[in-house]
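For reference, the structure is listed below as structure tokens.
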Amino acid sequence: MSSDSEDIPLAKRRQQQQRANKPSTNNLDSGSDSDTPLGKRKRPAVRKRVLDDDDDEDADTLSSSDSGPPAAKRARPSAAKKKSYKDDSSNSDGEGDFHGSSDSDVPLAKKKTVDSKAKTNGSSKTNGTNGTSRTKAAPKYKEESSSDSDAPLAKKAAFKKTSTPTKTKVKTEPVSSSKSKQSTTTIKRRGREEVDDRSKLKKVKKEEEEEEDDKSKVKKVKKEEDEDEDADAWWLNQKDNEDESVKWTSLKHNGVYFPPEYVPHGVKMKYDGKPITLAPAVEEIAGFFGALLFTEHAENPTFQENFFRDFSKIAKAHKTSPEITSFKKCDFTPMYEYYQAEKEKRKNMTKDQKEAAKEEKMVLDEMYGTCYLDGRKEKVGNYRIEPPGLFRGRGKHPKTGCLKYASLSSMFKTYQLRVQPEQVSLNLSRDAPIPKAPAGHKWGAIVHDDTKTWLATWKENVNDSTKYVFLAAGSSLKGQSDLKKFETARALKKEIDWIRRGYMADLKDKKMFNRQRATALYLIDRLALRAGNEKGEDEADTVGCCSLRFEHVTLEKPNIMHLDFLGKDSIRYEKTVEVDEQVFKNIRLFKREPAQEGDDLFDRLKTSELNKHLQNLMKGLTAKVFRTFNASFTFQDQLEKRTPKDGTIAEKLLAYNRANRDVAILCNHQRAVSKGHAGQIGKIEDKVRAYKYQKMKQKKMILSLEPKLKKKRPELLEPESDLEDDWIEEYETQLLEKERERIKAKFEKDNLKRKENKEKPMPAGELKDLLKEVDVKAKDLANERKKGVVPPTRGATVEKCNAQILKLDERIAATRLSLTDKEENKQTALGTSKINYIDPRISAAWCEKHKVPLDKIFTKTLRDKFKWAMTVDKDWEF
DNA sequence: GAGGTAACTTAGAATGTTTTTT
DNA sequence: AAAAAACATTCTAAGTTACCTC
């Protein structure tokens with residue numbers, strides 16, 4: 001029943017693909033074994049290379065014997081010189097140093113921030129769009145602005161706060177600091193009486209004032225069935241000021257939805273060939289695996305091992321279950337079949353059943369999928385507590401296959417797979433009614449932390465990570481942070497020139513640390529790499545920029561760099577790029593002996609240090625901002641270039657999608673190749689071959705018509721590439737077969753018609769005659785193949801044949817193009833960049849400008865998510 | 001300053017639904 | 001009308017970042 005090739009799961013295809021992708025020039029093979037294809041992972045605790053930034057030698061001299069610049073040029077740039085790359089135009093402020101000596105980073109950076117502000121202020125109107133200084137919004141939403149009376153002051157405070165990079169929050173905002181401390185402790189306490197924090201006078205007053213508003217607002221919203229767009233349009237009423245850490249003043253919700261209890265189906269797996277009866281919990285776990293049978297997961301040894309450890313342990317603990325000690329003796333196929341059948345059943349549900357299921361979902365959506373935030377009705381995202389199951393880690397995750405459960409502790413008489421209410425903490429405002437916990441249960445904790453956006457949280461067992469219930473993507477909170485994200489990216493756009501000059505200069509810095517930082521920054525900026533935090537041993541071995549290791553980078557003179565590593569989600573990043581000469585030199589320097597495989601390329605650098613540095617360059621700047629900035633910038637740029645001014649909507653959409661794809665490629669967003677892809681490609685290739693076949697025929701026909709052309713046009717004699725005799729024969733056989741079938745079908749159809757019309761059916765002999773004609777044709781073709789000569793068809797002329805050939809060439813080219821297009825699109829995922837990286841205002845403005853309906857580019861959910869961005873005018877620029 | 005972790009964004013797989021093709 | 005492809009949504013894993021603690 002395992003219709004094998006049919007059902008290859010995505011993960012498997014991905015792997016095959018990755019394997020297939022492996023370039024022949026891959027230098028990483030060395031040391032690779034079956035377990036760690038990208039080289040065995042060595043994590044030397046601290047293995048710094050001998051070169052030390054503290055010894056005062058010029059790193060360039062150390063870097064290599066080759067062609068370093070003459071000593072005079074290598075000398076550290078003087079302060080005056082450095083100033084020059086900060087901002088050529090603003091030479092008025094001579095002290096505008098880019099980075100200064102590293103030990104005095106902070107004070108200089110402070111100056112920098114002020115500088116850049118002064119600069120933008122002076123420069124012009126455009127800075128009105130900068131995140132911190134948005135002032136254009138009209139205070140439409142009157143109720144809210146009541147809490148807002150001190151806006152100008154708060155704004156100033158925020159401004160100041162940000163220009164002092166270190167710990168300023170504590171200094172300038174005692175309220176918020178004490179608050180956050182207290183609220184963290186709150187979370188740890190249990191029960192409902194704990195009151196969070198900041199009952200500062202000001203706040204209390206505010207709340208009192210707003211209580212009234214809240215009530216009326218809630219009523220209003222209910223009455224108008226959330227048709228009231230203005231009430232939801234937070235972006236029309238952006239206040240820049242206000243304590244950013246406070247996320248809401250009122251938050252009411254109904255808690256979370258727990259997955260239903262397991263209903264045993266009694267389907268028996270086999271052990272050692274015999275069906276066995278399992279206790280419900282054990283049966284459920286066996287079912288988890290059974291459902292995954294024949295997928296890449298279930299065939300992965302690590303997955304099997306982890307699963308079996310947990311499975312057999314729990315089976316053992318249940319006395320009623322027979323002992324299970326060998327994975328090999330387990331046969332889960334009955335369960336697999338059961339779940340397949342269930343799937344089928346679900347697919348074949350009647351209309352009524354489907355209707356009922358929909359209804360049920362609606363009820364849950366209303367109950368748990370909705371909350372009230374500051375009186376506004378908002379959607380909750382993932383309100384379902386994750387059901388138990390097998391952890392599906394990506395790539396080579398050491399824990400993949402482990403059982404996700406609630407508790408195996410003996411406190412519970414039976415093993416508890418489902419997360420219990422006691423493990424779940426809820427966050428809501430103090431005035432909100434506390435949702436009832438499921439019967440017989442209590443909530444783990446109730447907190448009132450208005451600096452957090454989560455509604456519920458619990459701990460997961462496999463990686464000991466925290467899970468949250470957040471608002472949906474279309475909510476105001478998410479929208480606001482989205483807007484903030486893009487405004488930061490836009491702010492970077494204004495600063496990028498001098499920041500780039502800065503790190504380019506730092507590439508030659510005497511201190512190794514600075515060089516590494518600059519080089520990393522270069523890669524992050526030019527290649528849109530992720531920051532690359534350190535990872536633990538119990539995670540998949542993936543890297544980002546700062547965690548790149550030697551084996552991930554190879555160099556090729558004069559300035560070519562190959563990158564080959566597994567990034568987030570174990571997606572392979574494999575690119576060959578030209579890099580700046582100095583970057584090339586630096587990387588060679590970093591890679592020098594005694595470094596060896598497994599060592600970090602940037603052995604002095606950590607993401608935290610990189611980000612600290614960036615923070616000094618610009619408020620809110622972190623490594624990930626570069627990705628956002630470059631993605632949006634590239635998109636706008638490409639969109640502009642590709643959109644045909646007078647094209648049809650379809651042509652414009654094509655341009656849009658191409659620009660989108662450029663971004664996806666930049667960010668290396670990939671997806672598994674779909675099931676039928678190879679087949680689809682094959683079909684198109686066949687189409688190309690069919691064209692070539694026709695072309696070949698035309699060419700030969702010309703020669704039959706005009707044999708003299710053999711000398712004049714030797715290309716006519718050349719065989720078509722990729723057109724082999726065997727293929728031709730098979731193709732012709734197919735053509736003939738199809739023709740026969742067509743004739744038969746037509747014959748039968750005609751006879752049916754005759755019958756209806758009470759006419760006599762055509763005699764079978766007629767059909768035979770028709771088929772004979774095909775046989776004659778077959779002989780002709782065979783003859784043509786033998787002699788390599790194609791007699792001209794009736795009315796054929798050299799001119800006509802030439803025209804045909806031209807047409808065919810065009811078609812071949814077009815089909816080939818669609819082939820490349822398809823091929824590339826097949827592994828490129830456009831969605832991720834559209835959802836997370838491309839400022840939606842670029843799209844909105846483009847639609848406006850080119851009269852393209854918005855719903856051609858954004859689905860309903862995306863329009864909802866980006867509703868804050870839809871009001872820009874056609875000339876808006878990122 | 002290392003190490004841990006809370007909280008949030010970003011990510012591809014899996015699943016569900018609609019549209020297109022056969 | 002069925003199958004396949006395309007498109008949309010849901011799910012939860014896997015990142016980044018700030019912050020806390022020692």
Side-chain angles (χ1 to χ4, degrees), chain A residues 9-14 45-46 167 169-170 177 180-181 183-185 187-188 245 247 291-292 295-297 343 346-347 354 357-358 361 381-387 389 391-395 397 399-400 404 427 449 451-454 457 459-460 462-468 470-473 477-478 481-482 484-485 530-536 539-540 542-547 567-571 606-612 614-615 620 622-625 627-628 631 667-672 674-677 679-680 825 827 829-833 835-837 858-862:
Chain A
L10 290 182
K12 189 170 205 162
R13 262 171 275 141
R14 150 99 58 218
V46 187
K167 290 256 172 188
K169 221 178 193 172
V170 178
S177 85
S180 60
K181 243 181 231 158
S183 44
T184 0
T185 49
I187 298 169
K188 288 179 183 157
S245 63
K247 303 291 172 32
L292 291 176
T295 68
E296 173 66 15
H297 287 305
K343 238 190 227 169
R346 228 173 309 135
K347 235 180 15 196
K354 277 182 187 162
K358 221 176 195 175
K361 190 174 172 283
N382 54 327
Y383 58 78
R384 285 166 204 269
I385 293 285
E386 291 176 17
F391 173 68
R392 282 134 107 136
R394 312 267 173 92
H397 195 118
K399 292 191 175 178
T400 193
K404 298 207 300 177
N427 187 26
D449 189 343
T451 68
K452 304 297 185 292
T453 68
W454 54 267
T457 182
K459 214 52 178 293
E460 157 265 1
V462 175
N463 294 297
D464 200 33
S465 67
T466 320
K467 300 279 186 168
Y468 299 91
F470 290 117
L471 291 191
L477 277 179
K478 295 282 191 189
S481 74
D482 236 22
K484 202 173 128 202
K485 172 181 77 184
R530 297 187 183 84
N533 286 296
E534 284 180 280
K535 293 188 74 187
E539 296 173 275
T542 63
V543 298
C545 183
C546 294
S547 46
K568 181 177 179 179
D569 291 302
S570 292
I571 295 297
K606 293 225 188 79
T607 54
S608 55
E609 293 163 324
L610 181 65
N611 279 334
K612 211 164 75 193
L614 293 174
Q615 203 61 234
T622 63
K624 82 196 265 285
V625 178
R627 242 167 109 80
T628 314
C667 296
N668 202 39
H669 289 143
Q670 299 190 8
R671 57 176 176 165
S674 72
K675 199 152 87 175
H677 177 65
Q680 287 165 253
N825 242 351
Q827 20 191 348
L830 304 194
T832 307
S833 51
I835 293 167
N836 299 301
Y837 286 104
F858 287 143
T859 63
K860 196 158 69 68
T861 7
L862 278 187

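Naming convention: chains lettered A, B, ... in sequence-line order (proteins, then strands); numbering from 1 in each chain.
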What nucleic acid atoms does [X] come within less than 4.0 Å of, heavy atoms only: base, sugar-phosphate, or nothing?
X	result
A/S608	nothing
A/K358	nothing
A/G532	sugar-phosphate
A/S481	sugar-phosphate
A/K354	nothing
A/K612	nothing
A/K347	nothing
A/K568	base

If you measure from NZ on A/K485 to NZ on A/K478, what distance do you get to the nearest 0.5 Å?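 Separation between the atoms: 10.5 Å.
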Nearest 0.5 Å, please: how far is CG in A/L862 from CD1 in A/I835?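 Those atoms lie 5.5 Å apart.
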A/P387 vs A/C545, nearer the 5' end of DNA chain C by closest nucleotide: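 This one resolves to A/P387.
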Take A/A623 and A/G393, find for each the nucleotide of DNA chain C with the closest heavy atom, and name the residue whose nucleotide sits nearer the 5' end.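 The residue mapped nearer the 5' terminus is A/G393.
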Would you mind telling me which of [options] lies closest to the side-chain atoms of [X]?
X	options	result
A/K467	B/dA6, C/dA18, C/dT12	C/dT12
A/K361	B/dG12, C/dT10, B/dT9	C/dT10
A/Q680	C/dA5, C/dA14, C/dG15	C/dA5
A/H297	B/dA7, B/dA14, B/dA11	B/dA14
A/T859	C/dA8, C/dT10, C/dA14	C/dA8
A/N382	B/dA13, C/dT12, C/dA5	C/dT12
A/A531	B/dG12, B/dC8, C/dT16	C/dT16
A/R530	C/dT12, B/dA13, B/dA11	B/dA11
A/Y468	C/dT9, B/dC8, C/dA14	B/dC8

Rounded distance in Å - [atom1] ([X]) to [atom2] ([N]):
X	N	atom1	atom2	value
A/L471	B/dT9	CG	C1'	14 Å
A/D482	B/dT9	CG	P	8 Å
A/N611	B/dT9	CG	P	16 Å

[N] OP1/OP2 closer than 4.0 Å to side-chain N/O of [X]:
X	N	answer
A/Y837	B/dA11	yes
A/S465	C/dA14	no
A/K860	C/dA8	no
A/K624	C/dT17	no
A/R346	B/dG16	yes
A/N836	B/dT9	no
A/T453	B/dC8	yes
A/K485	B/dC8	no
A/K459	B/dT5	no
A/R384	C/dC11	yes
A/H669	B/dA11	yes
A/K675	C/dA4	no
A/T607	C/dT16	no
A/T542	C/dG15	yes

Answer yes or no: is there an ion pair linking A/E386 with A/K467, defined by an N-O contact shorter than 4.0 Å?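 Salt bridge flag = yes for A/K467 with A/E386.
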When you compare the side chains of A/T542 and A/K535, does any donor N or O come within less than 3.5 Å of an acceptor on the partner?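 Side chains of A/T542 and A/K535: pair found under 3.5 Å.
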Consider only side-chain N and O atoms of A/T622 and A/N611, and report whether a donor and an acceptor are under 3.5 Å apart.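 Note: A/T622 and A/N611 side chains miss the donor-acceptor criterion.
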Closest contact, heavy atoms only, A/F391 versus A/N463: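 Minimum heavy-atom contact is CZ-ND2, 3.4 Å.
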Where does the angle between the aromatic ring planes of A/Y468 and A/W454 fall among parallel (under 30°), tilted (30 to 60°) and perpendicular (over 60°)?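 The rings of A/Y468 and A/W454 sit tilted, inter-plane angle from 30° to 60°.
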